[in-house]
Amino acid sequence: PNDRQVEPQQPPEIITLKLLRRAIAAQNPDDEIMRDFGEFVLPNLLRVAIGVTAKGGKYFEQKEQEYRERQIREQRETIKPISRRSADDQSLNTHLLNGLFPANLIEQRLEELDTTIQRLVRPKPQRRRFAIAGFILHDFEKFDYNRFPSMPAEYKAVPKDDIRKLGIPAHREIIAVIIQELGLDRFINPDNPE
């Protein structure tokens, strides 16, 4: 018989999330905004954008078609085919984080100088939260909407290449879902996400 209680284990944190949070903390030790990004947005971003390509998924199909057409046009079989491991495309996560982290560091450096950035951002940290959220949303059409449980089925059925052709009301609806699913609402205003 054993009367010891065992504490329930929390689900394991994926290594990528753990490493990215450590990198955020190391680069931004006193930055509440980036800490909130790592807590509220990053886990959701990794969940929905893993394996999604930054160029929308049709990039390699287009490159392979160009390769086949070139072979036919030049009547050669020695043209080297495109490798799917090409650096010409990257995951949507990588694309967003590779843009966000350097932009954040640049913004921090500009804050230290006497620039319009300092006058705009330093007294109003909410603007910085909006800028980060806007950066994450700039490629809203490249997300795989099937990974967003609350995304209306009508938008899940629209080809990625046609998302930008939808009207502003549809874009508002799509972006509202993405904001909530990624936790951007809590990131923008942790005390009042509505």
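Counting from 1, the numbers follow the sequence of the chain as shown. Heavy atoms only: backbone and side chains are in, while hydrogens, waters and symmetry mates are out.
- A salt bridge links Arg128 with Asp31: the distance from a Lys NZ or Arg NE/NH1/NH2 to an Asp or Glu carboxylate oxygen falls below 4.0 Å.
- The residues Lys160 and Glu141 are annotated as not salt-bridged, no charged nitrogen and carboxylate oxygen being separated by less than 4.0 angstrom.
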Check the pair Tyr145 / Phe140 against side-chain contact (heavy atoms from CB on, under 4.5 Å), numbers first and verdict last. CA-CA 10 Å; Tyr145 293 166; Phe140 73 95; 3.6 Å; yes

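- Here the closest non-hydrogen pair linking Met34 and Ile132 is SD-CD1, 3.9 Å.
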Side-chain donor-acceptor pairs of residues 35-52 under 3.5 Å, sequence neighbours excluded:
{"from": "Asp36", "atom 1": "OD2", "to": "Arg129", "atom 2": "NH1", "distance (Å)": "3.1"}
{"from": "Asp36", "atom 1": "OD2", "to": "Arg129", "atom 2": "NH2", "distance (Å)": "2.8"}
{"from": "Asn44", "atom 1": "ND2", "to": "Phe40", "atom 2": "O", "distance (Å)": "2.9"}
{"from": "Asn44", "atom 1": "ND2", "to": "Leu182", "atom 2": "O", "distance (Å)": "3.2"}
{"from": "Arg47", "atom 1": "NH2", "to": "Glu181", "atom 2": "O", "distance (Å)": "3.4"}

Do Gln126 and Ile188 pass the side-chain contact (heavy atoms from CB on, under 4.5 Å) test, and can you show the C-alpha distance, the side-chain angles, and the key distance before you say yes or no? CA-CA 7 Å; Gln126 197 63 30; Ile188 290 170; 3.2 Å; yes

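- Hydrophobic clustering (ILVMFWY, side-chain heavy atoms < 4.5 Å, transitive): Phe135 and Leu184 are in one cluster.
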When you look at Thr16 and Leu20, which way does the side-chain contact (heavy atoms from CB on, under 4.5 Å) test go after all the steps? CA-CA 6 Å; Thr16 306; Leu20 284 170; 3.9 Å; yes

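- Using a distance-only test at 3.5 Å, with no hydrogens or angles considered, no donor-acceptor pair links the side chain of Asp162 to the main chain of Lys165.
- Heavy-atom neighbours of Lys156 NZ from other residues, nucleotides or ligands within 6.0 Å: above the threshold of 12.
- One hydrophobic cluster, built from ILVMFWY side chains closer than 4.5 Å, holds both Ile14 and Leu97.
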Below 3.5 Å, can you tabulate the donor-acceptor pairs from side chains in residues 167-179 to any protein atom, sequence neighbours excluded?
{"from": "His171", "atom 1": "NE2", "to": "Ile163", "atom 2": "O", "distance (Å)": "2.8"}
{"from": "His171", "atom 1": "NE2", "to": "Leu166", "atom 2": "O", "distance (Å)": "3.3"}
{"from": "Glu173", "atom 1": "OE1", "to": "Tyr155", "atom 2": "OH", "distance (Å)": "2.8"}

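- A donor-acceptor pair is defined here as one N or O able to donate and one able to accept, closer than 3.5 Å; such a pair exists between the side chain of Asn28 and the backbone of Ile24.
- By the 30° and 60° cut-offs, the orientation of the rings of His95 relative to His138 is tilted.
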